[in-house]
Amino acid sequence: MTTVGLLRSLSRRKLHAAPVSLAYRFSSASAGGRTTELRLDGVKDIIAVASGKGGVGKSSTAVNLAVALSNKYGLKIGLLDADVYGPSVPIMMNLNQKPQVNQDMKMIPVENYGVKCMSMGLLVEKDAPLVWRGPMVMSALAKMTRGVDWGDLDVLVVDMPPGTGDAQITISQNLKLSGAVIVSTPQDVALADANRGISMFDKVRVPILGLVENMSCFICPHCNEASFIFGKEGARRMAAKKGLKLIGECCRFSLLAALQDIVFL
């Protein structure tokens, strides 16, 4: 995973110095006639890692980004696994314990590799399916954001659920997102869904920090030759068409699958 390009892109944005602009303010009509407080106490910036569909390496990118920001940049980092139906962060971050509750009845994130983590996977049994309707999912997301004692964080990385439905819109409108990173694979079907994700963030006025193309190619473990099994430079073409930055193109190799179940670095 080419983390360096992603980190450089984010650092050039100078997120901490950016003022709260109209891009993050919602009218009383969009907030149901109420004044909506979008900030999380103690959290300077919130970055969403999103895709239009599952299986493109979104969670791997989110974990990679969170760990790198903590260990390479020395920042205070949190990681929110907002994929309620398919939480992956506990496995990738090697988390086994359930979060504790403080005196204010807020959950305390579980920490590993210098990153504070919260996931629905930490709150339910390992193999238990979540057969929940929309309102229950919205309630769970609210508790995993404002019902958590994140402490002081430089950046909260949000592993967004795939798609562009209620959960994604709720997170985008109820949190002051500093920006979003879009993850896709090179093939047209994945890019079409990524394009929908970009359009959703545009509609809720969240800036796109850039695109990450995952599974750009497969590196043969025997000859080191690159095979473009999903197509070539699809995200690069989309980024150019949309006027967005291509943060990185990430290839796959056989050892990566084994490492990913431990921690994706």
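Within the 4.5 Å cutoff, the side chain of Met118 has no heavy atoms near those of the Val110 side chain. Here the side chains of Val212 and Val181 are in contact, with some heavy-atom distance below 4.5 Å. Taking the side chain as every heavy atom from C-beta outward, Arg146 and Leu40 approach each other to under 4.5 Å. Using a 4.5 Å heavy-atom cutoff, the side chains of Ile198 and Met238 are in contact. Side-chain contact between Pro109 and Cys117: absent, with no pair of heavy atoms (C-beta onward) separated by less than 4.5 Å.
For Asp152 and Lys76, the salt-bridge test fails: no basic side-chain N is under 4.0 Å from an acidic carboxylate O.
No side-chain donor-acceptor contact under 3.5 Å links Thr185 and Asn214. Using a 3.5 Å distance cut-off with no hydrogens or angles, the side chains of Asn195 and Lys242 do pair a donor with an acceptor.
In plain terms, the two heavy atoms of Asp45 and Ser178 that are nearest each other are OD1-OG, 2.6 Å.
A side-chain donor-acceptor contact under 3.5 Å links Asp81 to the backbone of Val89.
Paired with Leu95 under the rule side-chain contact (heavy atoms from CB on, under 4.5 Å), one option of Met92, Met93, Gln97 passes, and it is Met93.
Lys203 NZ: 12 or fewer foreign heavy atoms inside a 6.0 Å radius. Taking a 6.0 Å sphere around CG of Asn102, one finds it holds more than 12 heavy atoms contributed by other residues, nucleotides or ligands.
One finds the CG atom of Asp188 at 11.5 Å from the CG atom of Asp193 (value rounded to the nearest 0.5 Å).
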